[in-house]
Each structure stands twice: as C-alpha cells, then as structure tokens.
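Worksheet for the structure shown next.
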There are 2 protein chains.
Amino acid sequence: MTAGEGLRERKKRETGMRIWRTALDLFTERGFDHVSVAEIAAAADVSKMTVFNYFGTKEDLVTAPMMNHVGDVVRAVRERAAGESAVDAVRRQFLEMIEVRDPSIGLNDDPRSLQARQLIQNTPVLLQRASLAFSQAQGELAELLAAEGGDPMLAAVAAAQLTGARNALINEHHRRILAGESAQGVADDAAERTERAFAQVENGLGSYPGPKRAPQ
Amino acid sequence: MTAGEGLRERKKRETGMRIWRTALDLFTERGFDHVSVAEIAAAADVSKMTVFNYFGTKEDLVTAPMMNHVGDVVRAVRERAAGESAVDAVRRQFLEMIEVRDPSIGLNDDPRSLQARQLIQNTPVLLQRASLAFSQAQGELAELLAAEGGDPMLAAVAAAQLTGARNALINEHHRRILAGESAQGVADDAAERTERAFAQVENGLGSYPGPKRAPQ
DNA sequence: GATGAAACATTGACTCAGTATATTTTCTGC
DNA sequence: GCAGAAAATATACTGAGTCAATGTTTCATC
C-alpha cells in the first residue's frame, strides 16, 4: 500500500464527484425526467456505462448520499448501553446529530443539498426512492429488535413508531429549509421538536387527536 | 344505458382478468424478471399496448389489487364518530375487517393470492412497490390528521404509528399464510394480536424492549 | 525503469419497459 | 342496419439498463 490514498482511489473519487455534480446541475436546469443518462455521460466526459458503474441507477445520482445513512437508526439501537430503552437510544442519537448539525438529518442549507432536495420533492420517482430508504431502515430495525428476543410483530410495530418519529422530524427540517429558513434557524428549535415527537412515541397516542376540531 | 352491465363492460372486465391471470401464471412459473410484457400479451392474446392500457406498469400486474386499498386507513379516520380517537378508529376498522375475513388485510389463502404474495416476497422491485403503497397511505393519513388542526409534524408521527401497527399486522398474516397456515387459523387469533399491536401505539413504547436479552 | 496482471473505462450492440400516433375493429343507441 | 364512440391494434420510437469484447491505467515486483 502506498502512503495516503493512492492515485487510483483519488481519481475514482474525482470522477464520481464530477459525474454527480454534472448530473445534479443538468437535473436542476431541466428537470430529472428531461435529462438522459447519455447526456450526463457526455457532459461529464465519460461513457454511459461509466455512469452506471458509479451509480447503479439514474435515481442513485440524486439519492445516493441519503442511502448511505439508512443504517444510522439501527446502529443507534444496536450500540446502546445495556439498560437504555429503544426510544432513548434513537432520541439520544438524533439529539447528538442536531448538536453537530448533521447534514443527513437535513440540517444544512448549502446550494447543492438544496438542489437535491428540491429535485426529490418535484420528482415522483425520486420521492418513491426516498420512501424506499425509509422502509429499508424500518425493516432493519424491526429485525434487530426481533432478534433481541421480543415478539417479532411487536418489534415491527416498534420499528415503525421509532423510524416514523425520526422521519417526520427530518421531513420537517427539509420542508422548512426549502421554505427559505436558514439551517441555523431550523436547528435552533430542533431539540424541542425532537422531544415532542419522541414523547408521543414513548407515552402513546392515547386519545389523540383529542376532540375533533374540523370535522370536514 | 342497457340493463345490467352491458356487453362492452363485461368484455373489458374479462380481458383484464385474462391478462392478469396469464401474467401471474407466467411470473410464478419463471419469475417476474424473466417474463417480458410482450410475452404476457402474446399468451393472453392481446397486443402489448393493451396490457399497458389495463395496467399502467408491469409491476401493477401483481400489485394492482393491493393498491386499491391504500385509502382504507384514511377512510377509517375520516369517517369516525365525533368523539372517537384515531387509534380507536383504525383498530375498530381493522377488527371489523378481521370479522369478514377481508382479503386486503391478508386473510385469505386462495391459490392466486398465494402466488401474488410469494412473487412479491421474492422480487425486490415488487417489494419496493408494496412499501410505496404503505408510505402513500401514511402520507394521506398524515395530511388528514394535520388538516384536523393538530401540529403537522406530530400528525406525521401519529400517521406513522397507526399505519405502522396496521402494516405489521398485515405482514404477520401474509408471513404465516405463506408459511403454510390456513387463513382460518391465522384469523382465529388475529383479534388478540390486533389488540396488542394497537395497545403499544396507544400506550407508548415506554422502556421497550425492557432489559436487553441478547446483547449481540 | 520495464513488465505482467489486475482493475477499470470504453465501445457498440442489445433487451425491454413505456409512450405516441394513426388506423382498424368492436360495441352501443337510434 | 348505421352513425358515432370507445377500445384494440400495428408500428415506430425513446431511454434505462445489461453484456461481451476490447482497450487503457495503475500498481507491485523484479
């Protein structure tokens, strides 16, 4: 092994980066559906096959970053302390991520991230892809909880409750940042929101939503 | 309008049925990915275009029946009595569906349904499609709850909790029936399972899953 | 440095899902 | 029967993703 990283690896990262940036710019300019992979390849100065080598599908060009974090929730639960509850583990990890403004929970507003989010919101097939990431995380968590010895069916319910709260929070971040708020502003009251969301999971829905306000 | 149904409508239903059955048989025989739409069309004695007229996509050939029920949960909540909680509404509807052995919650074991389920379990792209149906139902429910006046973010969490419990129950039905149990057997203790699942949503996860049993 | 082997990129041809258009068949109401 | 509507078809196309064969780089070893 050579020192550092190796020229090969560096070039590979650079090519991947170039393809990704090129694609995001073209998508933003003309919309996801109106850009073909062949065009992206040409603009990034590689062959079409190379694009598929780096990103398995056209959708991955936009959603790859978020797919790298599907394992985060399950990791929080797997690595929790002996006496910690599942809710505590997921909530604690999420609060820590807020502290460090983790981009994977939506707490950043750099232009490239905004591009990607806008794109996802405006493109049905990308929204589907995002919901796939959610259900994958949920499935992994359900498996882990079931493996810890509980009823697998209740484990699946628990996984839905936990990932549901987490995803709702992330979506709220995305929504507000796309509405124009600064990442700082969204992060400021994120902890408070987090407590409310997980409290609803920890203490139950009870008679939610209380007396109906708008029957229609 | 002629009496009854009209020859045109009947033929249309029959053609759709024939395409659907043909597709399911071919898929079961050789796997979803190894049957082309052109083959299905030929086997059903129609043109490829006709297949896409009846079923928008190849996936719909398998998942269309389940997509007709994405609105069920949101309907339960929308049409609930004035004082009823959301949990009560969803649980009550589900218990009623158990009573009548509703196929849409997995309580049937006729061969064609088994085929479809097996196919979905064995085909990643169809699993994705199923998870899409889930997230669609969840999104609609979140919207309704938010429209009733609560905090939209908490409404999204509540929707995840409710649909999570419901989906876990349906998956359990599917799992057991695919494992060879009779629909009757699965239905027999379905009500009890339903109570446990929704209790976990109504009363909260608390310190779930209690002391860790299998740390690894 | 030179060299051989693996890894990677490229090319071009291919399959198949899905769309568009124009045409023909098939049913319905009169 | 016949006019008009609705559905089915043939045909041709776009674009995603795959495959096989062939270059081209990179690196490890001599």
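Chain letters run A, B, ... following the sequence lines, proteins first, then strands; residues in each count from 1.
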Original post:
dC16(C) C1' sits how many Å from Arg30(B) CZ, rounded?
Top reply: 14 Å
Output a table of nitrogen or oxygen pairs between the protein and nucleotides 14-20 of chain D separated by less than 3.5 Å.
unit_1	atom_1	unit_2	atom_2	d
dA16(D)	OP1	Lys58(A)	NZ	3.0
dA16(D)	OP2	Val37(A)	N	3.2
dG17(D)	OP2	Lys58(A)	N	2.8
dG17(D)	N7	Lys48(A)	NZ	3.2
dG17(D)	O6	Lys48(A)	NZ	2.9

Original post:
Is Gln115(B) atom CD crowded by more than 12 heavy atoms from other residues, nucleotides or ligands, each under 6.0 Å away?
Top reply: yes
**OP:** Please state how far atom CG in Asn53(B) lies from atom P in dA17(C), giving the value in whole angstrom units.
**Re:** 16 Å
**OP:** Mind calculating the distance between CG (Leu26(B)) and C1' (dC16(C)) to the nearest angstrom?
**Re:** 16 Å
**OP:** Assess whether atom CD of Glu181(A) is packed by more than 12 heavy atoms of other residues, nucleotides or ligands within 6.0 Å.
**Re:** yes
Original post:
Tyr54(A) versus Thr15(A): any side-chain heavy-atom pair under 4.5 Å?
Top reply: yes
Original post:
Salt bridge between Arg21(A) and Glu14(A), side-chain N to carboxylate O under 4.0 Å?
Top reply: no
**OP:** Return the value, rounded to whole Å, for the distance between atom CZ of Arg18(B) and atom P of dA8(D).
**Re:** 10 Å
Original post:
Is the number of heavy atoms from other residues, nucleotides or ligands under 6.0 Å of Asn68(B) CG greater than 12?
Top reply: yes
**OP:** Give the rounded distance in Å between these two atoms: NE2 of His34(B) and C1' of dA17(C).
**Re:** 16 Å
Subject >> Aromatic Phe32(B) / basic Lys58(B) pairing, under 6.0 angstrom, 45° off normal >> reply: yes
**OP:** Respond yes when some side-chain nitrogen or oxygen of Tyr54(A) is under 4.0 Å from OP1 or OP2 of dC8(C), and no when none is.
**Re:** no
